[in-house]
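Below, all heavy atoms of this structure are taken into account, side chains as well, without hydrogens, waters or symmetry copies.
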Amino acid sequence: MNRLVLTRAALAALMLAALAGCGKGGAAGDDDEAPAVMGSVLVTTASPVSQTFHDTIQAWGTAAGDPHRASTISLGHGGQVTGLLVAGGQSVQRGQPLLRVAPDPVARSAYLQAQSTLDLATGELKRTEQMAAQHLATQSQLATARKALDDAKAGVEAQRALGGGSAEETINAPSDGVVTALNANLGDRFQAGTALLSFAPSQALIARLGAQPEEATHLKPGMPVTVQGAYGSSETLHGRLDVVGHAIDAQTHLLPLQVSLPPDAGNVLVAGSAVQASIDSTSYTAWALPRDAVLQDDKGAYVLVVEQGKAKRIDVSLKHPDGDTVGVQGPLDARMQVIVSGNYELDDGDAVREGNEPAKATQESAK
């Protein structure tokens with residue numbers, strides 16, 4: 001009986017030992033796998049995209065009226081400015097009064113004389129017609145009277161065109177636009193043909209710019225240009241480079257440029273406002289990547305790609321460094337996964353993992 005009890009006890013002890021050994025073996029296996037995952041760096045990646053980039057040249061200047069559409073307002077007669085209704089740089093609407101002008105006294109006198117001559121010729125023609133009806137005047141006299149009346153009418157119209165027809169004349173805006181310059185003061189007397197003010201239609205603005213002289217060889221008419229106000233305006237206008245100067249401006253020491261603007265530029269800018277512009281010059285194809293994906297060291301620019309679970313360094317040339325998306329050239333292709341975040345703590349050959357799924361699995365195993 002005692003021998004049977006001892007045998008059962010021995011069997012139980014052997015089973016407990018075997019189970020304990022299995023438990024230790026399983027724990028050791030988990031510990032061997034955990035360091036392999038925990039030793040990798042969690043990263044996020046992006047695929048490079050082939051894209052066309054443009055080198056840009058910066059320029060600065062002002063919006064101005066298009067000289068091909070701007071106009072100078074003057075009169076065909078002399079006179080005196082009796083009212084200034086606008087100021088230089090003011091936006092005006094079509095038909096809005098700009099100036100009031102009193103005609104030159106000589107022109108007014110000439111008009112009144114022409115009007116008197118017309119009245120006399122009218123009365124003379126009536127008397128001649130009556131006399132001709134009574135056979136007291138010849139047909140030649142009647143024709144002469146009619147010609148005198150026609151000449152008198154022409155004289156009145158000529159004097160009216162010269163500004164003598166009214167005691168005061170109002171000059172109105174020919175269209176919506178901007179008074180770019182006011183050349184007269186209240187009370188000024190002026191001669192016929194004197195420029196009283198300069199006017200630019202609101203649909204006819206250009207940008208007069210200046211660029212660094214060393215950029216001259218890279219600029220050609222027809223290049224696309226983006227223009228925006230230098231102060232506060234975030235709306236961008238798309239124009240075209242029309243004129244590239246061949247001499248440096250003596251005052252600004254910059255290369256003069258002229259850019260045509262779209263018809264609606266007047267809704268964003270007014271003549272005389274300061275603008276800044278970016279001119280798209282050289283175009284080229286490069287790999288577009290987020291800025292954080294490109295690193296720099298003593299050897300130059302490089303990226304890290306994921307290859308078989310490890311980080312692999314690829315040297316690149318940074319061609320377009322501006323903006324959140326940069327352009328690089330190098331041995332990349334669209335199937336590669338370029339490391340964007342987590343790359344600053346990596347060296348070539350370090351183990352990596354994309355996303356956080358392995359980390360979650362490790363935490364669950366540890367529990």
Please find the pair of heavy atoms, one from [X] and one from [Y], that lie closest to each other, and give the distance.
X: S281; Y: T56; answer: OG-N, 4.4 Å
X: I248; Y: H253; answer: CG2-C, 3.4 Å
X: Y302; Y: D315; answer: CB-OD1, 3.6 Å
X: V338; Y: V305; answer: CG2-CG1, 3.9 Å

Among the clusters formed by ILVMFWY side chains lying less than 4.5 Å apart, do [X] and [Y] turn up in the same one?
X: V328; Y: L346; value: no
X: L112; Y: V156; value: yes
X: L205; Y: L197; value: no
X: V303; Y: L318; value: yes

Could you check whether [Y] and [X], counting side-chain N and O atoms only, form a donor-acceptor pair closer than 3.5 Å?
X: S317; Y: Q329; value: no
X: Y344; Y: D292; value: no
X: S40; Y: R353; value: yes
X: Q58; Y: S278; value: yes
X: D242; Y: S260; value: yes
X: S341; Y: T44; value: yes

Next on the checklist: Using a strict threshold of under 4.0 Å (side-chain N to carboxylate O), is an ion pair present between R127 and E124?
Outcome noted: yes
Can you tell me if [X] uses its side chain to pair, donor with acceptor, with the backbone of [Y] under 3.5 Å?
X: D280; Y: S283; result: no
X: D119; Y: S116; result: no
X: R146; Y: Q141; result: no
X: E168; Y: T82; result: no
X: T117; Y: Q113; result: yes
X: D188; Y: N185; result: yes
X: D249; Y: T252; result: yes

Checklist entry - Would you call the rings of Y284 and H320 parallel, tilted or perpendicular if under 30° counts as parallel and over 60° as perpendicular? => result tilted
Checklist entry - Under the criterion side-chain contact (heavy atoms from CB on, under 4.5 Å), which of V227, L269, V268 is the partner of E235? => result V268
Item to check | With E307, the salt bridge (Lys or Arg N to Asp or Glu O under 4.0 Å) member among K312, R335, R313 | outcome: K312
